[in-house]
Structures are given as structure tokens and as C-alpha cells.
Trainee: 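Structure in C-alpha cells, see below.
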Amino acid sequence: MKIAVVVTSLPLDGIAARESLDLIFALAAVDHQLSVIFSDDAVYQLVKADDSAELMVKDFRRSFKLFELYDIENLYICAESLRQRQLQANALVLNVQPLECDELSQLLYTQHHVIKA
């Protein structure tokens with residue numbers, strides 16, 4: 001089953017960002033074909049940052065390394081969200097493919113389910 005998970009949470013907005021990752025890994029563990037899309041403020045999850053110890057939170061971004069282990073290869077980011085936040089895709093901690101709004105719409109149209117996380 002083709003499932004798109006659209007991640008929209010800020011990295012330090014409670015536990016929402018961590019729970020999004022947990023959902024993604026749970027879906028991948030049961031052999032769903034996943035597409036993960038970082039959009040809106042979730043693009044900040046991919047920004048290289050200094051040690052999170054100063055913020056007194058656990059840096060869940062180390063879990064991004066598990067995408068490869070779970071064979072999650074379809075990683076995307078909303079190009080408009082990047083532009084709005086003046087960020088560049090090549091400066092992120094994860095190799096994601098930027099998609100324009102029409103490309104995102106096309107991708108979502110081909111999915112069996114879309115989950116906003």
C-alpha cells in the first residue's frame with residue numbers, strides 16, 4: 001500500500017515531531033511503500049543544529065539514519081516551505097528531494113492514503 005506521511009511539526013514542538021517519526025517507522029516495518037514529505041515548519045527538523053543539550057531535549061534527528069535501515073527512500077521536502085524560510089535543500093541534515101506544489105499534488109494523488117503527522 002502506498003502511503004504518504006506529511007510531516008509538519010516544528011522540531012521542538014512538544015513530542016509531535018518524535019511521534020511523526022515513530023509513525024513512519026511503524027508503517028515501514030509492515031512493508032508499506034512510504035513517501036515522507038517535510039512541509040511547513042517541519043523543514044526546520046532538517047536544519048543542521050548545534051548540540052541540543054543546551055535546549056535540554058533529546059535530539060531525535062539521529063533517528064533519521066533509520067530511514068535507510070527501514071528502506072524508506074522516498075524523502076521529499078516542500079520547495080515552497082524552504083523558500084519561505086530562506087533555506088537551501090543542500091544545507092540540510094537529510095538528503096531530500098525538493099518538490100514544487102504541483103509536483104507534491106501529483107505525488108499525493110498517486111497515494112492510497114495520506115497522513116498528516
Side-chain angles (χ1 to χ4, degrees):
M1 183 174 307
K2 293 171 73 173
I3 300 175
V5 179
V6 181
V7 183
T8 59
S9 301
L10 280 165
L12 301 175
D13 187 21
I15 60 171
R18 177 65 212 178
E19 286 181 342
S20 297
L21 280 178
D22 291 344
L23 171 67
I24 291 165
F25 296 136
L27 291 170
V30 289
D31 292 329
H32 292 297
Q33 183 182 349
L34 291 183
S35 294
V36 179
I37 304 159
F38 292 88
S39 183
D40 300 326
D41 286 336
V43 299
Y44 289 121
Q45 292 184 27
L46 305 178
V47 173
K48 294 177 183 171
D50 294 329
D51 186 21
S52 61
E54 294 177 13
L55 301 173
M56 296 174 34
V57 295
K58 183 177 179 183
D59 190 358
F60 66 89
R61 294 176 302 173
R62 289 185 229 155
S63 299
F64 290 157
K65 296 176 185 174
L66 295 175
F67 284 139
E68 186 176 335
L69 178 67
Y70 281 89
D71 294 324
I72 302 171
E73 299 173 349
N74 300 320
L75 302 171
Y76 305 100
I77 194 162
C78 175
E80 180 63 25
S81 296
L82 283 174
R83 280 192 296 276
Q84 288 174 348
R85 289 152 184 86
Q86 299 178 354
L87 299 172
Q88 300 293 322
N90 60 359
L92 303 175
V93 297
L94 191 61
N95 186 19
V96 290
Q97 179 183 349
L99 294 179
E100 296 298 335
C101 292
D102 59 334
E103 295 170 311
L104 279 173
S105 294
Q106 182 72 23
L107 173 66
L108 294 175
Y109 183 75
T110 64
Q111 305 298 301
H112 295 113
H113 297 283
V114 176
I115 301 169
K116 181 180 176 193

Trainee: Mind checking the CG-CD1 spacing from L21 to I15? Nearest 0.5 Å is all I need.
Mentor: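 Interatomic distance, L21 CG to I15 CD1, rounded to 0.5 Å: 12.5 Å.
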
Trainee: For residues 97-105, which side-chain N or O atoms pair as donor and acceptor with protein atoms under 3.5 Å away, sequence neighbours left out?
Mentor:
{"from": "E100", "atom 1": "OE1", "to": "R83", "atom 2": "NH2", "distance (Å)": "2.8"}
{"from": "E100", "atom 1": "OE2", "to": "R83", "atom 2": "NH1", "distance (Å)": "3.1"}
{"from": "E103", "atom 1": "OE1", "to": "E100", "atom 2": "N", "distance (Å)": "2.7"}
{"from": "S105", "atom 1": "OG", "to": "C101", "atom 2": "O", "distance (Å)": "3.1"}

Trainee: Go through it in stages, so that I can follow the logic: the residues are L87 and L46, the test is side-chain contact (heavy atoms from CB on, under 4.5 Å), and I'd like the CA-CA distance, side-chain angles, deciding distance and then a yes or no.
Mentor: CA-CA 10 Å; L87 299 172; L46 305 178; over 6 Å; no

Trainee: List the atom pairs, donor and acceptor, that lie under 3.5 Å between side-chain atoms in residues 64-73 and the rest of the protein, sequence neighbours left out.
Mentor:
none

Trainee: Any pair with a residue in residues 72-92 that passes ring pair (Phe, Tyr, Trp, His ring centres under 6.0 Å), sequence neighbours left out, goes on the list, sorted by first then second residue, please.
Mentor: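 Counting only pairs at least two positions apart or across chains, no ring pair (Phe, Tyr, Trp, His ring centres under 6.0 Å) contact touches residues 72-92.
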
Trainee: Please list all pairs meeting salt bridge (charged side-chain N to carboxylate O under 4.0 Å, His left out) that have one or both residues in residues 23-36, counting only residues at least two apart or in different chains.
Mentor: none

Trainee: Sequence neighbours excluded, which residues qualify as side chain to side chain contact (heavy atoms under 4.5 Å, CB included) partners of Q84?
Mentor: E80

Trainee: Side-chain polar contacts of residues 33-43 - donor-acceptor pairs under 3.5 angstrom, sequence neighbours left out - could you list them?
Mentor:
{"from": "D41", "atom 1": "OD1", "to": "R85", "atom 2": "NE", "distance (Å)": "3.2"}
{"from": "D41", "atom 1": "OD1", "to": "R85", "atom 2": "NH2", "distance (Å)": "3.0"}

Trainee: Grouping I, L, V, M, F, W and Y whenever their side-chain heavy atoms are under 4.5 Å apart, do L107 and L27 come out in a common cluster?
Mentor: no

Trainee: Please name the residue in the list L82, L75, N74 that meets the side chain to side chain contact (heavy atoms under 4.5 Å, CB included) test with V96.
Mentor: L75

Trainee: If Ile, Leu, Val, Met, Phe, Trp and Tyr residues are connected whenever their side-chain heavy atoms lie under 4.5 Å apart, and connections chain through other members, are I3 and L108 in the same group?
Mentor: no

Trainee: Hey, any chance V6 and L94 share a hydrophobic cluster, counting ILVMFWY side chains that come within less than 4.5 Å of each other, even indirectly?
Mentor: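 No, no single cluster joins them.
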
Trainee: Go through the structure and list residues passing side-chain hydrogen bond (donor to acceptor under 3.5 Å, both in side chains) with D22, not counting sequence neighbours.
Mentor: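 Partners of D22 under the side-chain hydrogen bond (donor to acceptor under 3.5 Å, both in side chains) test: R18.
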
Trainee: Which residue pairs satisfy the side chain to side chain donor-acceptor pair (under 3.5 Å) criterion with at least one member in residues 106-117, sequence neighbours excluded?
Mentor: none

Trainee: Under the salt bridge (charged side-chain N to carboxylate O under 4.0 Å, His left out) rule, what pairs show up with a residue in residues 88-99, not counting sequence neighbours?
Mentor: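 The answer is none; no pair qualifies.
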
Trainee: Could you tell me which non-hydrogen atom of A17 sits nearest to which non-hydrogen atom of S9, and how far apart they are?
Mentor: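 Smallest interatomic distance, heavy atoms only, reads N-CB, 4.0 Å.
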
